[in-house]
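All remarks here apply to the structure that follows.
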There are 2 protein chains.
Amino acid sequence: METKYSMVKSALKSKIMDGTYTPYQKISSESELMKEFGVSRHTVRLAIGDLVTTGWLYREQGSGTFCADRSKMNENQRQNSQKNIAIITTYISDYIFPSIIRGAESRLSQEGYQVSIFSTNNDHEKERQILEKILTQQFDGIIIEPTKSAFSNPNINYYLNLERLSTPYIMINAYYDELEPLSIVMDDVKGGFMQTEHLIKLGHIDIVGCFKTDDTQGTKRMKGFLKAHRKHGIPLNPKNIITYNTEEKSTKPIEEIEKILDSKSNSITGLVCYNDELVIKVLDVLRRRTIRVPEDISIIGYDDSVLAEVSEVKLTSIIHPKSEMGKAAANTIIDLIKLKSVNKKNEQHQVDSVVYTPEMAIRNSTKDLNQQKITTQ
Amino acid sequence: METKYSMVKSALKSKIMDGTYTPYQKISSESELMKEFGVSRHTVRLAIGDLVTTGWLYREQGSGTFCADRSKMNENQRQNSQKNIAIITTYISDYIFPSIIRGAESRLSQEGYQVSIFSTNNDHEKERQILEKILTQQFDGIIIEPTKSAFSNPNINYYLNLERLSTPYIMINAYYDELEPLSIVMDDVKGGFMQTEHLIKLGHIDIVGCFKTDDTQGTKRMKGFLKAHRKHGIPLNPKNIITYNTEEKSTKPIEEIEKILDSKSNSITGLVCYNDELVIKVLDVLRRRTIRVPEDISIIGYDDSVLAEVSEVKLTSIIHPKSEMGKAAANTIIDLIKLKSVNKKNEQHQVDSVVYTPEMAIRNSTKDLNQQKITTQ
DNA sequence: TCCGATTTGTTCGTATGTATG
DNA sequence: GCATACATACGAACAAATCGG
C-alpha cells in the first residue's frame, strides 16, 4: 500500500474514522485534495472512487463529495449475525494479561462469541491502526486495555466514534480519563497504600517506592505510596521514589535501586514495587550483594502473579483479580450488548463500572521490625 | 446511460450474461477493446473497473482480464473480504503459549490478518465445538496446537473436512499422527536426549525422568530419555521414570518425586523434567528438605521459559523457540494461503514443515560430578 | 431567472512501472 | 530477454450539475 492513491485513500478513511469528517459532511473538493496531497486529479478521483464503492463516501455532481453515514448503512448491509468481540491489550504474552484474556475468552466463548485479539505493543500508532480496523468491521463489543493510559491519548476521536456508532466498549486495568468509559479496574491508589502501610505497620520507616508511570496503574499506586506516608506522619525522602516507563523497565529501576543500595547514607529497610515482575529482578540484584530478604530488606510486590511463588522467597503481594477481571469484563460487555438490543425502555437496568478493592497475600518477603526491636532490647 | 464507458460496460456485461464469455475465460485485452469500441484506454479501464468492483470480472496483472464465476463468487466474497486466521490452543494463559501466540499475532497483523483465538482447555469436546464453529465461518487459515496429541483424536473428520474445503491449516508443538499435517515442532526426542545426555556426560548415572504423557511432546522427550541411557550403556531403573497427565500435573509428579527422595535406596543425583514449570515445583520440595541444587542434585528443565531465570537457581534448560515458532507458524500459513490463491501450476514452490533442532541453555542447576571425583580422590 | 464560479463527470493523450508467459 | 497486459500517474479539456448572488 505505498501507491499515491492508496495513501490518499487511507488518509481520507482515517479522517472519517477519527471523526474529522462526520456523516453527511462535505469533504474537501478534488482540487483541494490535489494541492493537499500534491497529486493529480486523476489520483484523487481513484482514491475517492474506491471509497465510494466501499461505502465510505458518496458523490453529488456539482455539489461535492460527502461522508457516508455508515451506522445506517450497516442495517441494510449487515447480514452477518456472527457474534464478535475484540480484545485490545498492550502485550499479549506479558505477565498477567494472558490470565485476563483467558478469563474473558472462556466466558465469551460460553456465550457463543468469537474473540479476536489485538496488541498495541504499548504504541499509540499501532492502537490507531487497530481501532481503524475495528471500525471498518462489525464488532458487537470491544474490551480495551489502554495504551500508555497515564498520557493523553491521541486516538480519543476513534473512541468517540465508537460511541457515535453505538458500539459498546469497556476498559480494563485503567482508562483514559477524558473518556470516562465503563471500566473494570482495581483501586490502585488503595493497593499502593496497602503495600506501603503494610511495611509501615511492620515498623519500616525508610521505604523506597518504584513505579512505572506511563500507565495510570503506576501513578495511582505511587499516589497510594505517598498517601500512606502522609497518613502515618512519616517524612518521605524524594530520593526514595523511583519512576520509569515501559521502555526502561528492564534497566532503569534496577540501576536506580542499585544506586540507593550503594550510597553511603543507605538505611533502606523496605521496598515497594510496581509489580512482582520487578521484585523478581530486584531479588537477583540483592542475591548478588548477599542482602537477605526479608531479614535485611522487606519487599512487597503487586499482582500476586505466578512469579510470587516461584522463587525461594515467597512474595507478599497485592492480589490482582486477573482471570476474574477478564470474566467480569466479559460479563459487562455481554450485558451492554443485550442492553443495546433491547434499549426500548429498560431505563432501570443499568451496567456499572467495577472497582476491585485490593486484598493482600502475605507471604514471607516482609519482616516485622517491631518484634525484632523487642527481642533485641 | 449514453456515456461511452457505460456502453462498453453494458456490452461486456451482455457478453458475460449471454455466455460469450464463460467463467475463467480471458476477455479481450484493453487495447483490443479500445479498437473494438473506438474509445481510449482510460475509458475501457473505467468500464472494466466498474465490472470488477461489482464482481463480474477480475484482473490479473500481466495476464489479462477474466470473466468471474459468479456462482462461486457469493461464497468467496460474501460480506467481508476480511482476512481471518484462527489460532486454536490448549490453554491461552499457560506458560509458553502466550509467547507463541504473540509471535504469530505480530506477524499476522503485519500482513493485515485478523487473529481469532480459541482454547480447548485440552478437552476434545471443546475442540470439536471450536472446529464446528470454524467450519461454518470463513477463515483463511488455521493454526492449531493439538489437544492431547498423544491420544487418538476423535475429531479427525473435522480436520479432513478442512482439507476438503481446502482451508489451509498447520499444527504447532505437536501433531496428530493420523493426519500427517504441515507442522512446526521441535525435535522433542532430541530434546529429551540432550537433557539426559547432558547429565550423563556430567557423570550422573542415577537419573529420574518425569514426563507428561498425554501430549506427544512428553512421550517423545521420554523416548529421548531412554535413548540417551541406551546409547551410553547406562542401565535404567524403571522406577526412575515418572509419568503424569495434564489433570495430575499439580500433584502426582511432586508426590512421586518425594517418594523417591524418601526411599532408603535413594541415590539419585540427576532429575530430567518435562518442563521448567515442573522444575520450579520440584525446587520447592527440595528447599523444604534442604536438598541443594546443584550441589546435591542436578536438575534440567525444558522450554527455557521465564521461569528458568526467576528463582535463585538459574535453570539449565532446553530452548524452546516460542515466539519464533509463532512467527514461523504465521509465515507458513501465509505462504499456504498465497499458494492456494495462485494454485495454477506452481508445483516447485512448496511449503514444508519445520522441525527445530533443540539447543540448550546451560546455567547452574546442573553440576559436573567428574570434576568432583578428581578433586575428591 | 440568469450568470458565473465551483464541483463532479466523462474523455482523451502520454509515460513509466511491474507482472506474466 | 522480449513482447504483452495490466497498474499507476501526470496533464488537459469539456460537459453537466449545483449554488449563491
Side-chain angles (χ1 to χ4, degrees), chain A residues 1-13 15-16 21 23-68, chain B residues 1-13 15-16 21 24-68 81 112 334-335 337-349:
Chain A
M1 290 281 266
E2 69 281 306
T3 58
K4 292 190 180 178
Y5 84 83
S6 65
M7 281 172 55
V8 175
K9 200 167 88 176
S10 53
L12 290 173
K13 208 164 157 184
K15 280 198 178 179
I16 298 168
Y21 292 142
Y24 311 111
Q25 186 188 332
K26 189 172 174 302
I27 73 166
S28 313
S29 74
E30 291 177 354
S31 54
E32 283 168 339
L33 291 172
M34 284 169 67
K35 286 178 206 154
E36 197 174 321
F37 292 96
V39 296
S40 70
R41 175 149 177 247
H42 185 72
T43 306
V44 171
R45 281 188 64 75
L46 250 185
I48 292 178
D50 269 17
L51 292 173
V52 168
T53 51
T54 48
W56 291 92
L57 298 172
Y58 62 94
R59 294 194 263 219
E60 281 181 12
Q61 186 176 167
S63 170
T65 305
F66 303 84
C67 178
Chain B
M1 290 281 265
E2 68 282 309
T3 60
K4 290 191 182 179
Y5 85 85
S6 63
M7 282 171 57
V8 176
K9 203 166 88 176
S10 50
L12 289 173
K13 208 164 161 182
K15 281 197 178 180
I16 298 167
Y21 292 141
Y24 309 111
Q25 185 188 334
K26 189 172 175 299
I27 73 166
S28 314
S29 75
E30 290 178 354
S31 53
E32 283 169 340
L33 291 171
M34 281 168 69
K35 287 176 206 157
E36 198 173 319
F37 293 95
V39 296
S40 74
R41 174 145 180 254
H42 192 78
T43 306
V44 171
R45 280 188 65 75
L46 252 186
I48 293 178
D50 268 17
L51 292 174
V52 167
T53 50
T54 47
W56 291 92
L57 298 173
Y58 61 94
R59 292 194 263 218
E60 281 182 15
Q61 185 175 168
S63 172
T65 305
F66 302 84
C67 178
S81 58
I334 290 169
D335 285 351
I337 293 166
K338 281 183 187 158
L339 228 163
K340 184 188 159 195
S341 69
V342 290
N343 63 346
K344 306 291 150 61
K345 57 214 71 173
N346 272 27
E347 299 292 353
Q348 78 276 22
H349 186 270

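Residue numbers start from 1 in every chain, and the chains themselves are labelled A, B, ... in the order their sequence lines are given, proteins ahead of strands. Every heavy atom of this structure was used, including side-chain atoms; hydrogens, water molecules and symmetry mates were not.
- Nearest nucleotide to the side chain of B:S29, out of D:dA17, C:dT10, D:dA5: D:dA5.
- Residue whose closest nucleotide on DNA chain C sits further toward the 5' end, between B:R41 and B:L46: B:L46.
- Listed nucleotides D:dC19, C:dG21, C:dC12 differ in distance to B:S63; the shortest reach to its side chain belongs to C:dG21.
- Here the P atom of nucleotide D:dA7 and the CG atom of A:D50 are 12 Å apart, to the nearest Å.
- One finds no side-chain N or O of A:S31 lying less than 4.0 angstrom from the OP1 or OP2 phosphate oxygen of C:dT6.
- For the pair B:K35 NZ and D:dA5 C1', the computed distance is 13 Å after rounding to whole Å.
- Atom-to-atom, OH of B:Y58 to P of C:dA19 comes out at 19 Å; the value is rounded to the nearest Å.
- C:dG9 atom P lies 11 Å from atom CG of A:L57, rounded to whole Å.
- For the pair B:I27 CD1 and D:dC6 C1', the interatomic distance rounds to 12 Å; values are reported in whole Å.
- Here the straight-line distance linking atom CZ of B:R45 with atom OG of B:S40 works out to 11.0 Å at 0.5 Å rounding.
- Each of A:M34 and B:K26 was matched to the nucleotide of DNA chain D holding its nearest heavy atom; the match closer to the 5' end belongs to B:K26.
- Distances from the side chain of A:R59 to the nucleotides C:dA19, C:dT10, C:dG9 place C:dG9 closest.
- Aromatic rings from B:Y24 and B:F66 are positioned such that their centres are separated by 6.0 Å or more.
- Taking the side chain of A:T65 as heavy atoms from C-beta on, and the options D:dA5, C:dT8, D:dT18, the nearest nucleotide is C:dT8.
- Across all non-hydrogen atoms, the minimal contact from A:L57 to A:C67 is CD2-CA, 3.8 Å.
- For the pair B:F66 CZ and D:dT4 C1', the interatomic distance rounds to 12 Å; values are reported in whole Å.
- Residues A:V8 and A:F37 come closest through the heavy atom pair CG2-CG, 3.9 Å.
- Remark: C1' of C:dT7 and CZ of A:R45 are 10 Å apart, rounded to the nearest angstrom.
- Distance A:H42 NE2 to C:dT8 C1': 15 Å, rounded to the nearest Å.
- Atom CD in B:E36 sits 11.0 Å away from atom OG in B:S31 (nearest 0.5 Å).
- Of the candidates C:dT20, C:dT11, C:dT8, C:dT8 carries the atom nearest the A:Q61 side chain, counting heavy atoms from C-beta on.
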